[in-house]
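Taking it in order: structure first as structure tokens, then the write-up.
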Amino acid sequence: MEEQLNQHPHDLDEETLFLVSQTFKALSDPTRIRILNLLFHKEHSVNEIAEALELRQSTVSHQLRFLKNLRLVKYRREGTSLFYSYDDEHVMHMLKQTIEHSKHS
């Protein structure tokens, strides 16, 4: 009972707080925003992303690993290539709304 009195019904648990802060951290990086924006339209291989965004393949791989760990992107294997696509409709919607907001400000 005493434990219940110390908690507000709208408090967020530690795991939720961590995941929300990590999601915003992911969206705070310009390179990750560019990658997610590219993936919004269709899936791409690491090489295609690197070429389209004029980035090194190692940079793209590093950022995709970060995004995959947060379940913001997923991949499928085709032969020796990995094709990435977004994995979270909610975050992509939020990103698109934020981009549109920024263009209209």
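All values below come from the heavy atoms of this structure, side chains included, with hydrogens, waters and symmetry mates left out.
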L72 and L36 have their tightest heavy-atom pair at O-CD2, 4.2 Å
Pairwise distance CG(L70) to CZ(R65) - rounded to 0.5 angstrom: 13.0 Å
In the single-linkage hydrophobic clustering (I, L, V, M, F, W, Y; side-chain heavy atoms under 4.5 Å), do L12 and V91 co-cluster? no
How about NE2 on H41, more than 12 heavy atoms from neighbouring residues, nucleotides or ligands closer than 6.0 Å, or not? yes
Step by step, work out the side chain to side chain contact (heavy atoms under 4.5 Å, CB included) result for L53 and T59. CA-CA 11 Å; L53 300 180; T59 300; over 6 Å; no
Output for pair (H62 NE2, L67 CG), nearest 0.5 Å, gives 9.5 Å
Write out all pairs satisfying salt bridge (charged side-chain N to carboxylate O under 4.0 Å, His left out) with one or both partners inside residues 27-53, taking only residues at least two apart or from two chains. E43-R76
Between L38 and A52, the two heavy atoms sitting closest are CD2-CB, 4.0 Å
Distance-minimising heavy-atom pair for I33 and L27: CD1-O, 3.0 Å
Note: I35 and Q63 closest approach over all heavy atoms is CD1-CB, 3.7 Å
Please tabulate, one pair per line, all N/O donor-acceptor pairs under 3.5 Å involving side-chain atoms of residues 18-26, not counting sequence neighbours.
| from | atom 1 | to | atom 2 | distance (Å) |
| --- | --- | --- | --- | --- |
| S21 | OG | L17 | O | 3.2 |
| S21 | OG | F18 | O | 2.8 |
| T23 | OG1 | L19 | O | 2.8 |

Would you say that more than 12 heavy atoms from the other residues, nucleotides or ligands in this model lie under 6.0 Å from the OH of Y75, or not? no
Assess whether side chain to side chain contact (heavy atoms under 4.5 Å, CB included) is satisfied between Q57 and I49, documenting all intermediate values. CA-CA 8 Å; Q57 185 177 344; I49 295 168; over 6 Å; no
Measuring from I99:CD1 to H104:NE2, what's the distance to the nearest 0.5 Å? 11.5 Å
Evaluate side chain to side chain contact (heavy atoms under 4.5 Å, CB included) for S85 paired with L39, printing each intermediate quantity in order. CA-CA 5 Å; S85 58; L39 295 178; 5.6 Å; no
Partners of F83 by ring pair (Phe, Tyr, Trp, His ring centres under 6.0 Å), sequence neighbours excluded? none
Does the cation-pi check pass for K74 over Y84, that is, NZ or CZ under 6.0 Å from the six-membered ring centre and within 45° of its axis? no
